[in-house]
Structure formats: C-alpha cells, structure tokens
Number of protein chains: 2
Amino acid sequence: MFVEERQQRILQRLREQGKVTVEELMGDFGVSAPTVRADLAALETRRLLRRTHGGALPPATSLYEPTYAERVGTQPGEKRRIGKAAARLVRPGETVILDAGTTAHEVGVALAARGISGVTVVTNNLPTAVALMEAPGIEVIVIGGLAHLHRRAMLGPLAADFLHRVHADRVFLGANGVDAQVGLTVVDFDAALVKRAMIAHAAEVVVIADSTKICQVAFAQVAPVSVVTCLITDDASLDESVEAALLDAGVGLIERV
Amino acid sequence: MFVEERQQRILQRLREQGKVTVEELMGDFGVSAPTVRADLAALETRRLLRRTHGGALPPATSLYEPTYAERVGTQPGEKRRIGKAAARLVRPGETVILDAGTTAHEVGVALAARGISGVTVVTNNLPTAVALMEAPGIEVIVIGGLAHLHRRAMLGPLAADFLHRVHADRVFLGANGVDAQVGLTVVDFDAALVKRAMIAHAAEVVVIADSTKICQVAFAQVAPVSVVTCLITDDASLDESVEAALLDAGVGLIERV
DNA sequence: AAACACTTTCGTTTTCTTTCGTTTTCGCTT
DNA sequence: AAGCGAAAACGAAAGAAAACGAAAGTGTTT
C-alpha cells in the first residue's frame, strides 16, 4: 500500500460516508495514528479535506453544503412541493430564468432531478448556479452583478442590465408580498430592479410564493399582478375571495400544491 | 528478455492489477532493484505510469478533465506563495479583477486573509466569489456568463461583454503558456476572449503563472507579453536568458517568490 | 576493445513507528 | 449551568527500516 494509494482511499471514503475518523483509518490500513494524521495534514494543505478532532470532513464551502437558511427556512416541505410543481412546467429545450431565493432554488433542484435535457437556466441565484452546473443536460448562465452575501445572489443595476442580453421562455419569480391591489413587492430596491428586468425578458412569468406571502405587502414594488402568467402556492389558507381578487386583477392561473 | 520486453510486461501488470511494486517485479524478472527502478523511471518520463515509493501506479486518468479539487492540489505551495505575493500588491480602496483558475483563487484567499478593506473584487471565478463574499471589507462583483463546469468560472462572449461595464486598477491573470515570442496563451477561445477583455479594462496587468507555464505555448493566443506590467512566478528553473527575453519583449517586472 | 545491460555498493531520503508532553473534548459533580 | 478531571487526541521529536539515486564495477555481446 503506497502513500498515494492510501490518501486516495481516504478521499474516497470521505466522499462515500461524508466523514472519516483517525481510528477507523488506522484499523483499515494497519498504520499508526501519526501516520494517519500526517496523511490528513497533507490532504488538508491541498484543501481536499478539513481536519477535525478525531478525523476529517469534506472541505468547507458554505455554499455547497447549505447549513444556511435553507434548512431552517420556513416551510421546507411547502417550498419543495412548489418547486416540483414549477419544474413540471418546463419543456426540453426551453430557456428559463430562476430568481434569487430558496423557493426558486427548489425549482432548480427539482429541474435537475427530473433529468430534463437541453434546458438553459439563467440565474442570479448562486447556490442554484453551483448545483445546476453539475447537472447533465442543463446549461447555466450566471447573471453578473454585485454579490449579496445574505441573499446568495447577484443584485443591483449591473445584474438588471445583464438581463438585456437574454430572452427566456419563462421566469420563476419569488416575492416577499403578493397582493391583488399593490402587486408584487420585495424588501429592497436592488432586488426589485432585477426582478423587473427578469419580467421584461421572459415570455411567461411564474410567481412562486408560499401562502405566507399572499396578501402581504413589502417595501419595494416590482410590478402589478397583471404581469403574472401563473401563480404557484401551497394550499393552506388561501381564501376563495383572495383567489378571486387575484384572478380579477390579472393573474392568469393559480395553482395550489 | 530485452529491456523493451520487460517494460511492456510491467505496463501489462499495471493494467491488470492497478499497481506494481519494485519487489514483485524484481522477483518476477530476476533483476535487481536499480534495474526495476530504471525501468519505472523510463516509463514515467513517457507518462505511462506514476512512480511512488515502493512501486508505481497508473497515470492520472486523462480521459476525464481533472476535477477542480484535483487541480487545486497541484503545486499547492507554489500557488499559495504566488497568491500571497500578488495580494501584497493590492492597496485599500482598489478595484481588482481576478481571473479564473486556481492560482487566481489563491490571490483571492490571500487577499481575504490580509483583512484589507474597501477592496472591490471583480471575478468570473466561482469558488473565489463564494469565498470572498464572506470576507469583511471586500465587495464582490460576479462576472456573468456561461458557467463552465470544470473551470468553475463564467466564460464566453457574455462574460467578455460584461467587463465593458467595469474598469479596474489591476487584473490578476492566469495563463496556460507564457512565452516571450508568442505571448500569453490559453487552451480555449472562450477563456481567451474573457482574458482579453480583462486586460482591456484594467490599468495594470499582473500575470500569475507557476514555473511550469513559462516558455509554454497553448492553443489560443490572448495577448503579447508587452501588455504585462508584472509577472509573478516561482523561483524554480527560470533561466536567466528566459528572464532577459521576457523583459526584452516588454514585461515590466518579474517577481520570483 | 567498445558498447550495453545489469549488479553491487554506499550514502541519502523517505516512510513509518514509538515516545512523550500538551491540548482538546466530554462526562461527571456540584 | 458552570467547573473539574479523566480520557482521548494532538503535535513534535527521535529512531529504525525500507527504498532511493548515483557511481563504480562486472559480464556479455558485437
């Protein structure tokens, strides 16, 4: 057993089981603890893993391994169902825009899981871009612009301008508020600017918003609800009168999942 | 048993069992260890295997493009030193462009480690963008464009066009080849396009290239070396005549680390 | 005799283990 | 919940065994 061989096997185990312990590696390879530690140290300097007490973990890239708000996100089940329903709208060969936010991210994940082919995804959503790059059959175009740490997305005028270069069949748009009178709203201007550009460069506008966003109004207005081709939301507590008001105001279709 | 014959048999065994040891080959062929080692050394220079202590392994599979994680591991020390030296050039308040590639990534990491403030980083390097977003005092502008899986970067005409919106004090540029006559070269046109745009939109051009790139020529030409303000490379095997030729051809400064 | 292939020899390097003192972690007590 | 102590893990250093590279020597072939 050569050193290189052993180190490759360590990486392989790490990929398979997500972690390795010094003790386990000692037993498996029949070498002493300092030897294992030396291997781990060598691999760490090459950034192929992260050492911990007692073993090692895969390298930390907080984005790829979202311990981020996605897990603690409100209503993870609803978001996933909305994402799956939205992904079903996409046909092979289409170009779609994916907005920032965890719900749009779920659309991307569902799209990759479907194994659809020939789809081009345009997105400012960083975790989504990273995830979809790996997916076969999906081309990813990243929207450039100022990277916003907490939103994990590119926002602002540069991002909005970038969208003038592309035209998509469909945009999957998130929003902080969806109200029949006020329209779609978000919490800041930079995001509103980008969303308006997305709407302007897509043939169909699909709004994905869980039930907590309906009838809410946030700070910055994006567009009236009349631009919305389809609204996908979860079933909970969507009043019939609210639904009627939205359809009256120009929403093309409301889908509950 | 001729030398050639023996070496073929070594390769055959390697294919069959995935590894060979010096001891095993000594026994099989009835020759001494130095002879076996000479055979292995000869086969290694022809890239038909990889030597290790005690034997040899098959060459790294060139069927697949090496994964990003694997490329990060090559010459980690040199890249890191180059990255640190490059990061020292940056002053607070500057705007810098960081190219794709692992060496440019190291510049970003070193920049974040310095804790420098008020710096704006413009990059198409996805891992770098993700890493620097977390760094306090650094604003990240992501260059939009088609996301390339293996390079972990945005490339192509969209990315090149995006750069027309920005002007930077400095660009840290990688290259597959740096040659006094031919200039800077890379392996594909999409990358060359972006690099030319980076050069056009930066006041100073700092090329970061480990010693294996010097005097090499790759497929797509980027620019003559006369655009280079500063070349940062590692100390190993940089001939004085080569250095003189580069300086003659218009390189402003060569820094060895 | 010259060229070539191989071996022998020897000093150096690499790899691994053992040992020991220090740090971290975790469970237990208060 | 906070503090304490034992056990585990860690890093560094020293030493032994194996492998390595280079150079000189041997034998065979042409």
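Below, chains carry the letters A, B, ... as their sequence lines are ordered, and counting in each starts from 1. Note that this is a predicted model, so its numbers are computed, not measured.
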- prompt: Quick one: R6(B) CZ to dA5(C) P, roughly how many Å, whole number?
  reply: 9 Å
statement: V3(A) has its side chain closest, among dC10(D), dT7(C), dC16(C), to dC16(C)
query: With a 4.5 Å heavy-atom cut-off, do M154(A) and L146(A) have their side chains touching?
result: no
Nucleotide nearest V22(A) when distance is taken to its side chain, options dT7(C), dC10(D), dA19(D): dC10(D)
- prompt: How many Å lie between CZ on R51(A) and P on dT24(C), as a whole number?
  reply: 13 Å
- prompt: Which nucleotide, dT7(C), dT18(C), dA19(D), lies nearest any side-chain atom of R37(B)?
  reply: dA19(D)
- request: Please indicate whether E16(B) has more than 12 foreign heavy atoms, meaning atoms of other residues, nucleotides or ligands, lying under 6.0 Å from its CD.
  value: yes
statement: Rounded to whole Å, the CZ-P distance (F29(B) to dA5(C)) equals 17 Å
statement: Whole-Å distance, E23(B) CD to dT15(C) C1', equals 15 Å
task: For the side chain of S32(A), starting at C-beta, report the closest nucleotide among dT18(C), dT8(C), dC20(D).
output: dT18(C)
message: Please pick, from dT14(C), dC6(C), dT18(C), the nucleotide with the shortest atom-to-atom distance to any side-chain atom of P34(A).
response: dT18(C)
Length of the line joining F2(A):CZ and dC20(D):C1', which is rounded to integer Å: 14 Å
